[in-house]
Amino acid sequence: MITHPELSNLYGCSIGDGTRVGPFVEIQKDAHVGRQCKIQSHTVVCSGVTIEDEVFVGHGVMFVNDMRPHAINGAGELATTDDWEMAPILVKRGATIGSNATILGNVTIGSDAMVGAGAVVTRDVRDGATVVGNPAREVSSVGARR
């Protein structure tokens, strides 16, 4: 369910049944969101992101799929989609991502993991782990809910 379709930007993506997308969310081409997720307002889910089922994504979360963004290419021209390499992101089932977290490319967030508000995730997060800070560091680990 898209709560405010006129205020969201969804294109070329897939969104599973029962997922709620809040206002001012952008989900880009080739991003995939599973079933029964909740994506809060002002979040950007960029190309190359896969979010499995039952994931919570807080307000203002940013996924970053380019490890070395730049304005111009080697020839001094404005960079295009041909001038970069996609850095995929996987968020596994049941994970929670707190508001204003930033998730960098080439990262997997494990099932039932928790990313604290404002965390900057630069490396993989284990299943059931809780990470906080910049860069995000593990503070605890719990067993999976299932």
Could you report the tightest heavy-atom contact between G58 and T43, atom names first, then the distance? O-OG1, 2.9 Å

Return yes if some donor-acceptor pair links the side-chain N/O of S111 with the main-chain N/O of G94 below 3.5 Å, else return no. no

For the CD1 atom of I103 and the OG1 atom of T108, what is their distance to the nearest 0.5 Å? 11.5 Å

Within the distance-only criterion (no hydrogens, no angle test), does the side chain of T122 pair as donor or acceptor with the backbone N or O of A136 below 3.5 angstrom? no

Do L104 and N106 make a side-chain contact, defined as non-hydrogen atoms from C-beta onward lying under 4.5 Å apart? no

P23 and S8 have their tightest heavy-atom pair at CA-OG, 4.0 Å

Hey, mind stepping through H32 and S14 against side chain to side chain donor-acceptor pair (under 3.5 Å) and telling me if it holds? CA-CA 5 Å; H32 305 282; S14 64; 2.7 Å; yes

Which distance, rounded to the nearest 0.5 Å, do you find between the SG of C13 and the CG of D30? 9.5 Å

Exercise: identify the closest heavy-atom pair between V125 and A113: CG1-CB, 3.7 Å

Out of curiosity, I51 CD1 to C37 SG, how far, rounded to the nearest 0.5 Å? 6.5 Å

E26 vs Y11 side-chain heavy atoms within contact, under 4.5 Å: yes

Is there a side-chain contact between R123 and R137 in this structure, where contact means two heavy atoms from C-beta onward sitting under 4.5 Å apart? yes

Give a yes or no on whether the backbone of G116 and the side-chain of T130 come within a donor-acceptor separation of less than 3.5 Å. no

Taking side chain as C-beta onward, heavy atoms only, is K38 less than 4.5 Å from Q40? yes

State yes or no: do V64 and V121 share one hydrophobic cluster built from I, L, V, M, F, W and Y residues joined by side-chain heavy-atom distances below 4.5 Å, directly or via other members? no

When every non-hydrogen atom of A95 is compared with those of I109, the smallest separation belongs to CB-CG2, 4.0 Å

Closest non-hydrogen contact found for H42 with M62 is O-CE, 3.6 Å

For residues Q36 and D53, determine if any side-chain heavy atom of one lies less than 4.5 Å from a side-chain heavy atom of the other. no

Main-chain N/O of F24 paired with S41 side-chain donor or acceptor, under 3.5 Å: no

Pairwise distance CD1(I97) to NE2(H59) - rounded to 0.5 angstrom: 13.5 Å

May I ask you to decide whether K92 forms a salt bridge with E52, counting only side-chain N to carboxylate O separations under 4.0 Å? no

M67 CE to E85 CD distance, which is reported to the nearest 0.5 Å: 10.5 Å

Are L10 and V45 linked, directly or through intermediate hydrophobic residues, by side-chain heavy-atom contacts shorter than 4.5 Å (ILVMFWY only)? yes

Side chains of E77 and D83: does their closest heavy-atom pair fall under 4.5 Å? no

Between V61 and F63, what is the shortest heavy-atom contact and its length? CG1-CE1, 3.8 Å

Give, for atom CZ of F56 and atom CE of M114, the distance between the pair rounded to the nearest 0.5 Å. 9.5 Å

